Novice: 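Would you mind keeping the following structure in view while I ask a few things?
Sequence positions, counted from 1, serve as the residue numbers for this chain. Being a predicted model, the structure only gives us computed values, none of them experimental.
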Amino acid sequence: MLELNKSGTDRSEPGRLPAQDPGPDAAPDTRPAGDSPSSGPDAAADRVPLRPYLIAGAILCALYFLYAYFQYARFGSPSWDLGIFEQEVRAYAGFDAPVVDIKGPGYLILGDHFSPIVALLAPLYWIWPSAESLLFAQAALFALGAVIVGRTTQQILGGRSGLCVTVAYGLSWGIQEAVKADFHEIAFAVPLLALVCRALLLKRYTAALLWSLPLVLVKEDLGATVAVVGFLLFVYGRRLQGALLAAFGVAAFVVTLVVLIPAASSAGRYDYWTKIDKNGEQDVSMLDSVLGVLDSSVKIEMLVFLIGITAFMALRSPLTLLILPTLGWRLLSQDSNHWGMVWHYSAILMPVLFLALADGVRRSRGSHRPWLASYAKVAVPVAVAIAVAMTQHLPLRDLLRPETYRTDDARSQAARAALDAIPAGSRVETDITLMAHLTSDRTVYWVGGAPGTAPDIVAINLDFGWSRPIQDPVAYAEQLHPEARYRLKHRGGSFVVMERTTPEPATIPGVRGD
């Protein structure tokens, strides 16, 4: 897979293309003419073994999955997203429309985010019908990105740089925070963007074009990133390919946001526009959004650490342009969750930045500026040191703590007892704590998000963090569903399970009759 378009037909243009032009700082190439046939990317690829990177990737995959699995086993999911994506994959696995009842009864998820590539997980789900399969898939995709990034770096820089960058990428804060945030569709974009950048650096321009096309199926905003790939191809001399790809990316971006998502949405629109033009209930003009892109120290900190993890060498590479579309919508957003270093939003930037690091070091090694040439020699070790130092404040550090592996504490035992009290096949309304443990064999609703459905079970964690403490759980369930009556079925620790005592409604919102 990594050798797509290895035939070299994209590298037949005479002269040096801007993609690998070392710029005015570079020293002249003094190699004998006879050396050039053996010094191209294909020859470098032949000299770089794949096995060490597969071993490193397997280790990283194990670390990522270990962390995600024990977070799941301790009922520590940080959001409802894992449950949402399992409902989506479960629907695809059953050859059904991707309805996600957690977002609302009968909610078609393609009207929220356009991520049909998630359907590729259906075969894995046939074998392993659990949220854990999604966590494993994400761990494998992130680790695959490390294999691509590391081996490409080795081909470009030589020495031990490849394995060093594999470690720096694998421990990068963007990847670690994404692992902590459970599964998200952007996991597919990570290896795809690594392959795009690899192809650009190795002058495999048709491969870069082909690897970028599936990005429009990962998430709606990535059409803009595809357009930037087209721009780079145009600059690198592949003008027709670049222009066509840029046009495709822009068209995919517009059609997805203006046509496809509204067509699938019950509201008939793309809801996330409000992240830019509204701050709470207050309207925000586009001009104010643009002027406010750097109005927070959180945003500035994120930008500094994005470039800082590459020892600032990514700034020497045009590949860094590929991060601008994602950064653009995040900085324009009024939602503070998009600004910082937590959640999964920065994961897709990591392969781009670390391959930009490799490109930046290559461009700087022969610089006529002595300080830059000297710094290029140590930039990769500096990046590794930064990644290792930051890890003491990042999620994977928890793997060194014994309590991470304890799943028999009182809270976890109480949660499992609550799960046992909920019959398979039932319709359950619950909060985040139990949600992803129920979605494999129950119909699951978000608590308070399923009016009129009268679910069979209402299961809540009283310690979830409610705005007001729930004193009478049964009364709370009947407040949510005045059309039904409930009784207490199970209570253990902070977990309460209530079952409906009145007949099921003849019609249930979002549920089609046979």
Side-chain angles (χ1 to χ4, degrees), residues 1-12 16-17 19-22 29 31-32 34-62 140-172 175 190-208 210-211 236 310-311 313-314 316-317 319 350-366 376-384 387:
M1 181 175 71
L2 301 185
E3 303 304 324
L4 179 64
N5 200 36
K6 190 176 177 179
S7 62
T9 55
D10 282 343
R11 298 184 297 279
S12 60
R16 178 175 302 215
L17 293 176
Q20 270 68 55
D21 187 346
D29 188 354
R31 293 173 304 176
D35 290 348
S36 57
S38 62
S39 59
D42 288 335
D46 293 338
R47 293 195 300 269
V48 177
L50 180 59
R51 182 178 297 178
Y53 295 96
L54 291 178
I55 294 172
I59 293 172
L60 287 172
C61 179
L141 289 166
F142 285 168
L144 176 59
V147 173
I148 300 165
V149 168
R151 189 163 184 257
T152 304
T153 300
Q154 182 76 16
Q155 291 169 227
I156 292 173
L157 300 181
R160 296 182 177 85
S161 57
L163 288 175
C164 288
V165 170
T166 301
V167 172
Y169 163 92
L171 297 179
S172 62
I175 296 296
V190 169
L192 285 173
L193 281 167
L195 288 166
V196 169
C197 293
R198 168 186 169 84
L200 289 173
L201 292 179
L202 299 183
K203 298 184 181 180
R204 297 170 183 172
Y205 298 121
T206 298
L210 294 175
W211 285 122
Y236 292 166
T310 69
M313 288 302 294
R316 292 278 294 166
S317 173
L319 290 183
M350 296 298 108
V352 176
L353 289 169
F354 279 96
L355 285 175
L357 159 66
D359 188 31
V361 169
R362 177 175 61 178
R363 289 167 177 270
S364 303
R365 279 178 169 177
K377 296 177 183 178
V378 299
V380 169
V382 169
V384 176

Novice: For Ser364 and Met313, which heavy atoms make the closest approach, and how far apart are they?
Specialist: OG-CE, 3.2 Å
Novice: What's the spacing between Leu60 CG and Tyr169 OH if we round to 0.5 Å?
Specialist: 8.5 Å
Novice: How long is the span from the SG atom in Cys61 to the CG atom in Leu141, to the nearest 0.5 Å?
Specialist: 9.0 Å
Novice: Please report the C-alpha distance between Tyr53 and Leu163 in whole Å, then the side-chain angles of each, then the deciding distance to 0.1 Å, and finally whether the side-chain contact (heavy atoms from CB on, under 4.5 Å) criterion is met.
Specialist: CA-CA 7 Å; Tyr53 295 96; Leu163 288 175; 3.7 Å; yes
Novice: Who are the side-chain contact (heavy atoms from CB on, under 4.5 Å) partners of Ala314, not counting sequence neighbours?
Specialist: Thr310, Thr320, Leu353, Ala356
Novice: Kindly write out the residues that satisfy side chain to side chain donor-acceptor pair (under 3.5 Å) with Thr152, not counting sequence neighbours, or none if the list is empty.
Specialist: Arg198
Novice: Please tell me if the side chains of Val190 and Met350 come closer than 4.5 Å, counting only heavy atoms from C-beta onward.
Specialist: no
Novice: Side chain of Gln154, backbone of Gly159: donor and acceptor closer than 3.5 Å?
Specialist: yes
Novice: Leu319 and Leu201: side-chain contact (heavy atoms from CB on, under 4.5 Å), yes or no, with the steps?
Specialist: CA-CA 9 Å; Leu319 290 183; Leu201 292 179; 3.7 Å; yes
Novice: Do the ring planes of Tyr205 and Tyr236 sit parallel (below 30°), tilted (30 to 60°) or perpendicular (above 60°)?
Specialist: tilted
Novice: List in chain and number order the residues that pass side-chain contact (heavy atoms from CB on, under 4.5 Å) with Leu157, two or more places apart in sequence or in another chain; answer none if no residue qualifies.
Specialist: Thr153, Ser161, Ala358, Val361, Arg362, Arg365, Val380
Novice: Under a 4.5 Å cut-off applied to non-hydrogen side-chain atoms, are Phe354 and Thr166 in contact?
Specialist: no
Novice: What distance do Ile156 atom CD1 and Leu355 atom CG have between them, rounded to the nearest 0.5 Å?
Specialist: 6.5 Å
Novice: Kindly write out the residues that satisfy side chain to side chain donor-acceptor pair (under 3.5 Å) with Ser317, not counting sequence neighbours, or none if the list is empty.
Specialist: Asp359
Novice: Are Pro351 and Ile148 side-chain neighbours, meaning at least one heavy-atom pair lies under 4.5 Å?
Specialist: no
Novice: Hey, could you give me the CG/CG distance between Leu144 and Leu192, rounded to the nearest 0.5 Å?
Specialist: 9.0 Å
Novice: Any side-chain heavy atom of Val196 sitting closer than 4.5 Å to one from Leu200?
Specialist: yes
Novice: So do Val147 and Leu50 actually touch side chain to side chain, heavy atoms under 4.5 Å?
Specialist: yes
Novice: Tell me every residue that passes side-chain contact (heavy atoms from CB on, under 4.5 Å) with Val384, counting only those two or more places apart in sequence or in another chain.
Specialist: Cys164, Val167, Ala168, Val388
